[in-house]
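Let me begin by presenting the structure, written as structure tokens, before commenting on it.
Counting starts at 1 for both ligands and their atoms, in listed order.
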Amino acid sequence: MPAESTMAALLHDWLPRQRWFAGKDRPVTEVSLGTATELLPGDPGLRHLVLDVRQGDVVDHYQVLLGTRRVLPDRLAHAEIGRVGEGHDATHVYDAVHDPELNRALLAGIAEEAAVGPLRFRRAPGTAIDVSAPGTPMSAEQSNTSLVYGETHICKLFRRLSPGPSPDLEINLALSELGCPHVPAVHGWVELATAGTGEPVTLALLSEFLRGGSDGWRLATTSVRDWFAMPMTRGAEPYPGAPTRRPNGSYTAADPGWAGGDFAAEAERLGAATAAVHRDLARAFGVTEVGAEHVREMARAMRRQLDEVAADVPEVAPHAGAIGATFDALAERTEPLALQRVHGDLHLGQAMRTGHGWTLLDFEGEPARTPEERRALGHPLRDVAGMLRSFEYAARFLHADEGQAPPAVALEQERRALAWAERNREAFCRGYAAAGGPDPAAHRVLTRALEFDKAVYEIRYEARNRPSWLTVPLHSLAHLTAR
Ligand SMILES: Nc1ncnc2c1ncn2[C@@H]1O[C@H](COP(=O)(O)OP(=O)(O)O)[C@@H](O)[C@H]1O
Ligand SMILES: O=P(O)(O)O[C@H]1O[C@H](CO)[C@@H](O[C@H]2O[C@H](CO)[C@@H](O)[C@H](O)[C@H]2O)[C@H](O)[C@H]1O
């Protein structure tokens, strides 16, 4: 293994360039090795590292699979992190998730229920694991790294580690036990034993791969592209099926026949699946009724996040008044609220459409929240608000960078984005309420406050993780406050 100081220096520059690195808004001040476990000796070699990454006062822990080879084949050149040693002693160090020869160690370890150093590989009871399939990293837009093995398994490596068992594992196991048809089966997991009595930290989750499925983000954005490509006029006449403005400023729905890939029927089914998952979460983990003081504390927490994000991202300030007024209105609510475990970060990328319907993924909660916040009970409309935000993202992300578009083009783009978002938001809420979820229309202030809270969270998420997307929630915030 290369010297610790050499490794730390290489990783210091490489880490902030990774999509999954969650601290892109601050410089890395120090990288040191927390644990280093040799999984495969020799050449090529595989090591599992937990890195302690300091950024100012905060230390986060990231997981990396490190490959070493004397000769790096061209197919792995893109994964190289650096080189250590000179001449005959030179060794290439690279990101081993891209190497099927090495990443199979994860699957093999789970199949064999291995224990290596502090790493414990667990197989779900009764699961047969095919270890012959090579692992390929997914190209999906995600915060962690997932490896797909053949057509049967998908293994998510949690990159930024949180203490204790992952809520994703905990919830998927509980819902599978209840026979919930809307979650993928758990095939196994990997955990890191901690010293003393501390609970093991979940490092990876192996699930059933939903073969032939498409995630909601891909489907929805395909529909948006179709809709934007549809001509709106024939000569001076509006095209049949074009939305028209209602007296209240909203737009009539587009005719799906004209728009081609309309998504509204899927949005409605997704709403129904979400309500079914909420029902099962309530059965598995229970429901707690809270009173006015708890609701006031919820509103205060929303306000705190708003103040913090507005201090970091100046573009939020012009909207802070309207957002804060909604949080104040929520704080005045006196009726009790029924809270339960929820998904916590529901968006279109967390839902897969398969031949059997919609499956919800990734019950990890929001990656930027503390472990306690992620496990905290919430109102189910929090997930509804997350999905409503996602329809806004899908409707607007294609044109979010086109601030300089001529006014007529910008107006047309906005009309279309609004019409698409409205149509799918309504369909999702209809499906959700019809399947027994609390009706968002009957909880307008709560839903609006939760939607603002999510939008503010997204601005922080994008600034820290994906700065090139920051314009998307900023742009849609303006529309949300005007609603
Ligand atoms: N069980 C699965 N079967 C097929 N694809 C999946 C499965 N789980 C996740 N995916 C794909 O991987 C993407 C990212 O998964 P997710 O669990 O949300 O990762 P992250 O927490 O890193 O964002 C999803 O949007 C989906 O496209
Ligand atoms: O999928 P994760 O649990 O890691 O969630 C985080 O990353 C998401 C992006 O990958 C982010 O979602 C935001 O972008 C989506 C489009 O990529 C959009 O559909 C969502 O509505 C929007 O919130 C999520 O907020 C973040 O926690």
Side-chain angles (χ1 to χ4, degrees), residues 18-22 63 97 136-160 162 166-169 171-172 176 182-187 202 204-221 224 270 343-354 356 358-369 373-374 382-398 400 421 424-425 428 451 453-466 468-473 476-477 480:
Q18 305 314 303
R19 163 68 179 90
W20 43 261
F21 186 70
Q63 159 176 222
V97 296
T136 312
M138 286 201 71
S139 58
E141 191 43 58
Q142 64 174 131
S143 300
N144 296 289
T145 301
S146 295
L147 293 162
V148 178
Y149 291 95
E151 297 197 321
T152 40
H153 312 290
I154 179 167
C155 184
K156 176 156 79 174
L157 286 178
F158 296 103
R159 290 301 198 158
R160 190 159 68 103
S162 300
S166 143
D168 204 10
L169 172 63
I171 289 183
N172 271 305
S176 303
H182 301 290
V183 291
V186 174
H187 289 177
T202 311
L205 173 61
L206 186 73
S207 310
E208 158 197 17
F209 180 64
L210 300 167
R211 194 169 68 87
S214 271
D215 71 64
W217 176 254
R218 252 174 230 262
L219 293 173
T221 49
V224 172
L270 181 54
H343 182 285
D345 191 16
L346 194 61
H347 57 81
L348 285 160
Q350 313 282 40
M352 293 282 295
R353 177 69 164 98
T354 71
H356 307 291
W358 284 99
T359 300
L360 303 193
L361 308 169
D362 193 6
F363 288 80
E364 194 60 15
E366 291 167 341
R369 304 267 186 203
E373 286 170 331
R374 292 173 189 206
R382 177 154 170 224
D383 289 342
V384 170
M387 203 51 99
L388 296 181
R389 290 287 311 137
S390 211
F391 289 123
E392 296 289 332
Y393 253 72
R396 292 201 165 80
F397 103 109
L398 286 176
N424 288 286
R425 288 164 61 97
F428 179 83
E451 222 187 315
D453 191 45
K454 184 75 191 184
V456 172
Y457 161 84
E458 285 165 349
I459 289 167
R460 168 182 276 167
Y461 176 86
E462 301 298 2
R464 288 185 178 172
N465 295 263
R466 215 171 35 169
S468 61
W469 284 57
L470 182 56
T471 47
V472 184
S476 84
L477 196 59
L480 201 59

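The nearest non-hydrogen atom to atom 6 (C) of ligand 1, considering only Ile154, Asn172, Leu205, comes from Ile154. One option in His347, His343, Glu366 has a heavy atom closer to atom 20 (C) of ligand 2 than any other, and that option is His347. Nearest to atom 19 (O) of ligand 2 by heavy-atom distance, out of Gly344, Ser390, Ala22, is Ser390. Comparing heavy-atom distances from atom 27 (O) of ligand 1 across Thr145, Asp345, Asp215 singles out Asp215 as nearest.
The shortest non-hydrogen separation linking Ile459 to Pro473 is CG1-CB, 3.8 Å. In terms of heavy-atom proximity, Ala185 sits nearest to Ser176 at CA-OG, 4.4 Å. In this structure, Thr202 and Ser166 approach most closely via the heavy-atom pair OG1-N, 2.8 Å.
A donor-acceptor pair is defined here as one N or O able to donate and one able to accept, closer than 3.5 Å; such a pair exists between the side chain of Arg374 and the backbone of Arg369. Here the side chain of His182 pairs a donor or acceptor atom with the backbone of Trp358 at under 3.5 angstrom.
In Asn465, neither the side chain nor the backbone holds a heavy atom less than 4.0 Å from any atom of ligand 2. Here Glu364 has no heavy atoms under 4.0 Å from ligand 2, in either its backbone or its side chain. If you look at Glu208 next to ligand 1, the close heavy atoms, those under 4.0 Å, all belong to the backbone. The part of Met138 lying near ligand 1 is the side chain, judged by heavy-atom distances below 4.0 Å. Within the 4.0 Å heavy-atom criterion, both parts of Leu210, backbone and side chain, lie near ligand 1. Residue Arg19 touches ligand 2 through its side chain alone, judged by heavy-atom distances below 4.0 Å. Contacts with ligand 2 closer than 4.0 Å are made by side-chain heavy atoms of Trp217 only, the backbone lying farther away.
At a threshold of 4.5 Å between non-hydrogen side-chain atoms, the residues Leu361 and Leu210 count as touching.
For a threshold of 3.5 Å applied to N or O pairs, the pair formed by Glu458 and ligand 2 contains at least one separation below that value. Looking at Lys454 next to ligand 2, no N or O pair under 3.5 Å apart turns up. Considering backbone and side-chain N/O atoms, Gln350 comes within less than 3.5 Å of an N/O atom of ligand 2.
Heavy-atom separations between Gln350 and ligand 1 include at least one value shorter than 4.0 Å. In this structure, Met387 falls outside the shell of residues with a heavy atom less than 4.0 angstrom from ligand 2.
Near Ser143, with a cut-off below 4.0 Å to any heavy atom, the atoms of ligand 1 are 20 (P), 22 (O), 23 (O). Annotation for ligand 2: atoms under 4.0 Å from non-hydrogen atoms of Trp469 are 16 (C), 17 (O). Heavy-atom contacts of Met352 reach the following atoms of ligand 1: 4 (C), 5 (N), 26 (C), 27 (O) (cutoff under 4.0 Å). Every atom of ligand 2 is numbered from 1 in the order shown, and the set under 4.0 Å from a heavy atom of Arg466 is 9 (C), 10 (O), 13 (C), 14 (O), 16 (C), 17 (O). Close approach of ligand 2 to Tyr457 is summarised as follows: ligand atoms under 4.0 Å from at least one heavy atom of the residue are 25 (O), 26 (C), 27 (O).
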(message) Using the rule given for side chain to side chain contact (heavy atoms under 4.5 Å, CB included), can you reason through Lys454 versus Glu366, listing the C-alpha separation, both sets of side-chain angles and the distance that settles it, and then say yes or no?
(response) CA-CA 10 Å; Lys454 184 75 191 184; Glu366 291 167 341; 2.8 Å; yes

(request) Evaluate the criterion side chain to side chain contact (heavy atoms under 4.5 Å, CB included) for residue pair Glu458 and Trp469; output intermediate values, then yes/no. (result) CA-CA 10 Å; Glu458 285 165 349; Trp469 284 57; over 6 Å; no

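No side-chain donor from either of Glu208 and Thr152 sits under 3.5 Å from a side-chain acceptor of the other. No side-chain donor from either of Arg159 and Ser143 sits under 3.5 Å from a side-chain acceptor of the other.
Ring centroid separation for the pair His343 and Phe363 comes in under the 6.0 Å cut-off. Taking the ring centroids of Trp217 and Phe397, they lie under the 6.0 Å cut-off.
Ion pairing between Glu451 and Arg425 holds under the 4.0 Å rule for side-chain N and carboxylate O.
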